[in-house]
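Take a look at the structure below.
We're numbering straight along the sequence, starting at 1.
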Amino acid sequence: MWRSRGRNYEAELQRCRPEGAPVEFGDYHPLKPIMVTDTKTRRGARKGSTSSSSSSSSSVPPDPLSSMLDGTDPLSMFAAASASETPTMSHSDLGRKKKEQDEDAVGPDFEPWSSKRGEILARFTTTEKLSINLFMGSDRGSSAVSEKVRTRLEELDDLEEGSQRELLNLSQQDYANRIEELNQSLKEAWASDQKVKALKIVIQCSKLLSDTSVIQFYPSKFVLITDILDTFGRLVYDRIWTMYIYILSLPQPRHLQEAQYFSVTSSETCLNWFFKIASIRELLPRFGIRETLPRLTAMIRGIGDPLVAAYARAYLCRVGMEVAPQLKDSLNCNFFDLLGTFRQISGESVQNQLVLQRVETPEYLTLYSPAISWILQCIAYRAPEILLTEMMERCKKLGNNALLLNSVMRAFSSEFVAARATDFIGMIKDCDEAGFPKHLLFGSLGRSLACSDPPESERLTILNEAWKVITKVRNPQDYINCAEIWVEFTCRHFTKREVNTILADIIKHMTPDRAFEDAYPQLQSVIRKILNYFHDFSVLFSMERFLSFLDMFQKDSVRVEVCRSIMEVFIKHQVELTRDPVILNAMLHICKTMHDSVNALTLEDEKRSLALLIIGFIRMVSFGRDFEQQLSFCVEARATFCNLEPVLVQLIHTVNHHTFITIPSLSSIFSRLSLYLLSGQVALANQCLSQADAFLKAAVSILPEVPRSISVEGKLRSSESFLLDFINNFLATVLVVPDHPEHGVLYLVRGLLNMVQDYTWEDNSDAKVRVYISALPLLAAMCQETYLYSIPKVDSNETLYGGDPKFLSEINKLCETLIGQILDHLKALSRDESTKRQGAVAFSLFGILLAHGDLRNNKLSQLAVNLWNLSHKHGHCETRISVRTLEYMKHQAQQPNMVHLSDTVQRLTLQSRT
């Protein structure tokens, strides 16, 4: 019954190609912009004129996107709508806008205080017990004062008069929690209109700033207390600002009537706050709450403790940068006053306090660092170079103040410091080692030089002077902290020789007593900086000390992380294929380190990530036409990376040598199937017919091992779709595989179909029949005189059999057997009342008969009509697809050798789903 339709693939291809139409220069082109001419009637047209009011002409079709939008752009509509609306702002919006404008005055390049807050709290800690003493008692004076002032004093004293809260033996966390509670109490008192109570909370908290009983904790205490001052300042400011905004938001007549009243009210409120603040007797609370910069700058001179005074100046500079960043004179005055207080540090009062609290002078000096750095940052922000130079000269005159010098190098711009690096080195040399370690000063200098370049003639001198000091540091942690900073300067400006010397010195300092175990973050930073500047791996691995440096990473997780970072840089920057033995040996060592870290507990994502890095390396290795070397490398890699299956798959892709040994070792059945098929295709392309046969037979032989369900991304899924894809690819390959002379006609196709017949498919599945339907186009293609595709220098069955009748008869018999199996399945579906599946299978088989069967055969034509009717019998077939199929058949019937289709089309009818 079966007979394949003769095909002329070349003629069919020519018919499918669209006809080319020549396009002249002036004709429409889809990329050519649409030109529209719009002509409007003039207002002064004479009476009786017949000109149209508007006309639009275009020589091109309209834009389909514009026509869908009716000529309107939705984005333009929204913009126009928002522009037409009258902008209205609430009081809070106006206030927020005002604050945003104030913040923009300093610009985004200014590092805010909030970024330093967390660092200070984490750095300045203590294990000693802390206390909070909040005294709300009465302290009425007997001096003669005016009635107004007396009233305000009484208001301050009456609230919780005589109450005193003293919290002792608080840990650092408890202290922070109590301060936060006070901050919340302040907000609640303000919200409940208890303004005086809120003021008293601020006063008592401000008094805590004068307490230096646990001096190591003072910077953190300053941060916590000033949060409360900031909250109070915002509340007062918002209240006065809201009153002012209310006037501006009134309509014009009412604005004129009530402006005077609210202006007086807001002025009275503002003045009232100043009077309340003036009534505060203590200096620190009065300073912390007022907002007049010049007077406050002078008030700080009355604070006796130099540490408290330094932080008071830092807070004043901070507030000044928020409200009046243009007032540089106040900032400068604060800094010069600060310089004058440094002599107090060596005074008897401060030294006695340090002895009492058992604090060394170097540790005490570091407490000043955040305050001084902040003051200098505020001054240096967009400051002219003349001012910075003047401040640098003042620091020189002060002499031997390493703390101040360290803050200057951190706060001033890196360009300014780098241009005067030699001068700064001279100032560092003049500093006393006992007061502030010189390696910290060189660390600050190194940070600036890592960002900006010093003069080229001074670079080697700078490195030598710095390293003379760094290499003498005995404490390994202090040493590596400083050395890690200068590695970037060395990589930035010098060659592998200098970098190798630095690495050797680091190994020398960090190896004794296994000091490197406490410095893994710094050592990792060294590796990252080297990789940022050295992308030529032949140069990198030629450094004698680089691999020795890697050996210091003894902790498995850290060592693997370092190897990953090296591999990522290699894959990113290694553009050309390599065969350099230095690179190959070093990279194999690094990849082996990553591979050996894989164990039974390693997550699948981690395995996949490591495998991708190793695969990236393998792809960059090429020995050109030296196949022996390429094979030797792949054999070594296979032995080295045997635990990572994706790497083995890549090696099989790279070279087919020993694939019969490697593929069976893979655990994934679909990886084995696809690799057997791929290896067979490669062998076929290289005219290795016996190897191709062996690979394809091996693929067929393991089909029964395919499980019914597989795990995909952690979820169980049916394997049928994957198996059908593989079988379709296999069938497409078999077309060009010549039959083995000892195994008979179509032995690979028959072997595959036998395996499909014996495979245990899922219940209620049409997969087996789908395979039979997919095999019919292959068998029809084998009947053609010229195959659809072929492999150069490989004689397919078209050449071996040459259209032999016996060969064609074998194909026809096999096709009839398959069709019989499909029809039996359709009958079984009708008994099971699976009409939807029956219709889908019937229509699929109809499509195969139409495309590949010779419908001039009456039996085959009648079978096609029956299948069409069956597929439409229950209305499950898509009407749209059916209509297109009929149109295609009518179009094909116009071909000279396809006239018989017109009779078939007339016998096919469409049925509605109802």
Do the rings of Phe670 and Phe722 sit parallel, tilted or perpendicular, given the 30° and 60° boundaries? tilted
Flag the pair Tyr676 / Val700 as yes when at least one side-chain heavy-atom distance between them is below 4.5 Å, and no otherwise. no
I need the full list of ring pair (Phe, Tyr, Trp, His ring centres under 6.0 Å) pairs touching residues 765-792, with sequence neighbours left out, sorted by first then second residue. none
Measuring only between side-chain heavy atoms, which start at C-beta, is Tyr533 closer than 4.5 Å to Thr490? no
From CD1 (Ile773) to CG (Leu818), nearest 0.5 Å: 10.0 Å
Per the side-chain contact (heavy atoms from CB on, under 4.5 Å) rule, which among Val526, Leu503, Val499 passes with Val487? Val526
So how far is it from Leu731 CG to Leu752 CG, rounded to the nearest 0.5 Å? 5.5 Å
Taking atom CZ of Arg608 and atom CG of Leu603, what is their separation to the nearest 0.5 Å? 10.5 Å
side-chain contact (heavy atoms from CB on, under 4.5 Å) partner of Ile663, the single match among Ile702, Leu675, Leu648: Leu675
Does a side-chain heavy-atom distance below 4.5 Å link Lys529 with Arg492? no
So do Leu829 and Asp766 actually touch side chain to side chain, heavy atoms under 4.5 Å? yes
Side-chain contact test, heavy atoms from C-beta onward, threshold under 4.5 Å: evaluate it for Glu878 versus Arg884 and give yes or no. no
Nearest 0.5 angstrom please: Ser622 OG to Gln629 CD, how far? 11.5 Å
Measuring from atom CZ of Phe541 to atom CE of Met587, what distance do you get when rounded to the nearest 0.5 angstrom? 5.0 Å
Salt bridge check: are Lys607 and Glu645 linked by an N-O gap of less than 4.0 Å? no
With under 30° as parallel and over 60° as perpendicular, where do the rings of Phe570 and Phe537 fit, or are they tilted in between? perpendicular
Please tell me if the side chains of Met782 and Leu746 come closer than 4.5 Å, counting only heavy atoms from C-beta onward. yes
